[in-house]
Protein chains: 2
Amino acid sequence: MNAAAAKSRPRYEARARIAKALAHPSRLLMLDALQKREHCVCELTALVGADQSTVSKHLAILKQAGIVVDRKEGPLTFYRIKVCCLADFWRCIETVLKENLRTQQAAFGG
Amino acid sequence: MNAAAAKSRPRYEARARIAKALAHPSRLLMLDALQKREHCVCELTALVGADQSTVSKHLAILKQAGIVVDRKEGPLTFYRIKVCCLADFWRCIETVLKENLRTQQAAFGG
DNA sequence: TGGCGATATGGTAATTATGCCATAGGATGC
DNA sequence: GCATCCTATGGCATAATTACCATATCGCCA
């Protein structure tokens, strides 16, 4: 590896940790719901349709990545989005998907 | 799972596939290099400092996700970025990292 | 055609991620 | 205190990811 690349390696590892937290369909589904308003774990569990412990672990991953924060209210734990930049992320992903669709259509059409 | 959530599930899986392709330090490093100009596999192999076959597989993942495209020129294969939206992705990731740093500092400072 | 450099692919082992079950812990209400 | 609801965690089995080695493939040139 490059000297420069070796030096910047931790930087890319940090970035990858964030990206990895975003790289699961259930977590993306929950983030979309949280975009509108905060939700408790029970609501998100119903939404995702997985075991409650599974959802709890997904939320722990998002929290550890710094993407969401939680707030206890009585027996409930509410999660909400912490960062304001997810729109950028969505836009990027959607652009790739649209472009892929376009490429595919071009391949079939031509 | 919600009926609505079940219906939108494939959508989130497609999104997650893109995000997953972006969720590896070596791939992020290569994408940063490719942002400036196209590179052949041998250049990227030197940059990353992994086995050539490993780098080739990373590039296949990026290509399959529709993030890069390749171009053969003689014995070389050049890769370049296909989508124009990666700046959005970087911005999102960097915002999270900065916010995490800020949170950490606030925790220590307060 | 034979050899060489560049790249891709198959195989395999190690690590990591994921999901569910069981269960612990905390809050609430009786 | 006790039962109940909500959430988090430990344990475990399975699946996915990753990296390397070996090797196949392709283009090029002598």
Side-chain angles (χ1 to χ4, degrees), chain A residues 1-2 5-6 9-10 12-31 33-34 38-65 67-80, chain B residues 1-2 5-6 9-10 12-31 33-34 38-65 67-80:
Chain A
M1 174 157 41
N2 240 316
R9 184 83 196 196
Y12 289 102
E13 283 169 357
R15 288 173 167 185
R17 271 192 293 277
I18 308 298
K20 221 179 282 189
L22 294 167
H24 190 286
S26 296
R27 296 198 284 270
L28 294 181
L29 172 59
M30 290 194 288
L31 285 175
L34 293 175
E38 68 176 9
H39 287 275
C40 65
V41 178
C42 53
E43 288 174 321
L44 295 170
T45 299
L47 174 68
V48 170
D51 192 89
Q52 179 272 319
S53 67
T54 299
V55 172
S56 187
K57 282 178 184 173
H58 279 307
L59 288 166
I61 289 169
L62 290 172
K63 179 183 172 185
Q64 142 79 25
I67 297 167
V68 302
V69 290
D70 60 344
R71 169 181 80 81
K72 317 264 182 191
E73 186 177 317
L76 303 177
T77 305
F78 284 93
Y79 282 85
R80 63 186 159 78
Chain B
M1 175 159 38
N2 238 316
R9 184 84 197 197
Y12 289 102
E13 283 169 357
R15 288 173 167 185
R17 272 193 293 276
I18 307 298
K20 223 181 280 189
L22 294 168
H24 191 286
S26 296
R27 295 199 283 270
L28 293 180
L29 172 59
M30 291 193 288
L31 284 175
L34 293 174
E38 67 175 9
H39 288 275
C40 66
V41 177
C42 52
E43 290 173 319
L44 295 171
T45 299
L47 174 68
V48 171
D51 192 89
Q52 178 272 319
S53 67
T54 299
V55 172
S56 186
K57 282 178 184 174
H58 278 308
L59 288 166
I61 289 169
L62 289 173
K63 179 183 172 185
Q64 143 78 26
I67 297 168
V68 302
V69 290
D70 61 343
R71 170 180 78 82
K72 318 264 182 191
E73 185 176 318
L76 303 177
T77 306
F78 285 93
Y79 281 85
R80 64 186 156 77

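Scope of the values below: all heavy atoms of this structure, side chains included, with no hydrogens, waters or symmetry mates. The sequence lines fix the lettering, A, B, ..., with proteins before strands; numbering per chain opens at 1.
Of the candidate nucleotides C:dA8, D:dT18, C:dG26, D:dT18 has the atom lying nearest to any side-chain atom of B:R27. For B:L76, counting side-chain heavy atoms from C-beta on, the closest listed nucleotide (C:dT7, D:dT18, C:dT28) is C:dT7.
Both B:V41 and A:G74 lie near DNA chain C, and the one whose nearest nucleotide falls closer to the 5' end is B:V41.
Note: CD (B:E13) to C1' (C:dA17) measures 16 Å, nearest angstrom. Rounded to a whole Å, the CZ atom of B:R71 is 18 Å from the C1' atom of C:dA8. Taking atom CE on A:M30 and atom C1' on C:dT18, their separation rounds to 13 Å, with Å as the unit. The CD atom of B:E73 sits 15 Å away from the C1' atom of D:dC26 (whole-angstrom rounding). Atom NZ in A:K72 sits roughly 10 Å away from atom P in C:dG26 (whole-Å rounding).
Put simply, A:Y79 has a side-chain N or O that comes within less than 4.0 Å of OP1 or OP2 on D:dA8.
The two residues B:M30 and B:V48 make their nearest non-hydrogen contact at CG-CG2, 3.5 Å. Taking both residues in full, the closest heavy atoms of A:L34 and A:Y79 are given as CD2-O, 3.2 Å, listed atom of the first, atom of the second, then distance. The two residues A:A50 and A:T45 have their closest heavy-atom pair at O-CG2, 3.5 Å.
Heavy-atom distances under 4.0 Å link DNA chain C to B:Q52, B:S53, B:S56, B:K57 of residues 51-65 of chain B, given in residue order. A heavy atom lying under 4.0 Å from DNA chain C marks the following residues of residues 16-26 of chain A, by number: A:K20, A:H24.
Atom CD of A:E13 is surrounded by more than 12 heavy atoms from other residues, nucleotides or ligands within 6.0 Å.
Partners of A:S53 under the side-chain hydrogen bond (donor to acceptor under 3.5 Å, both in side chains) rule, at least two apart in sequence or in another chain, are A:D51. Here B:E38 pairs with B:R71 under the side-chain hydrogen bond (donor to acceptor under 3.5 Å, both in side chains) rule; sequence neighbours left out. Applying the salt bridge (Lys or Arg N to Asp or Glu O under 4.0 Å) test to B:R80 and every residue at least two apart in sequence or in another chain returns nothing.
Side chain of B:E43 to main chain of B:C40: a donor-acceptor pair is present (N/O by atom type, distance under 3.5 Å, no hydrogens or angles).
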Tell me which donor-acceptor pairs under 3.5 Å the side chains of residues 16-25 of chain B have, and how far apart each pair is, sequence neighbours excluded?
unit_1: B:H24; atom_1: ND1; unit_2: B:S26; atom_2: N; d: 3.0

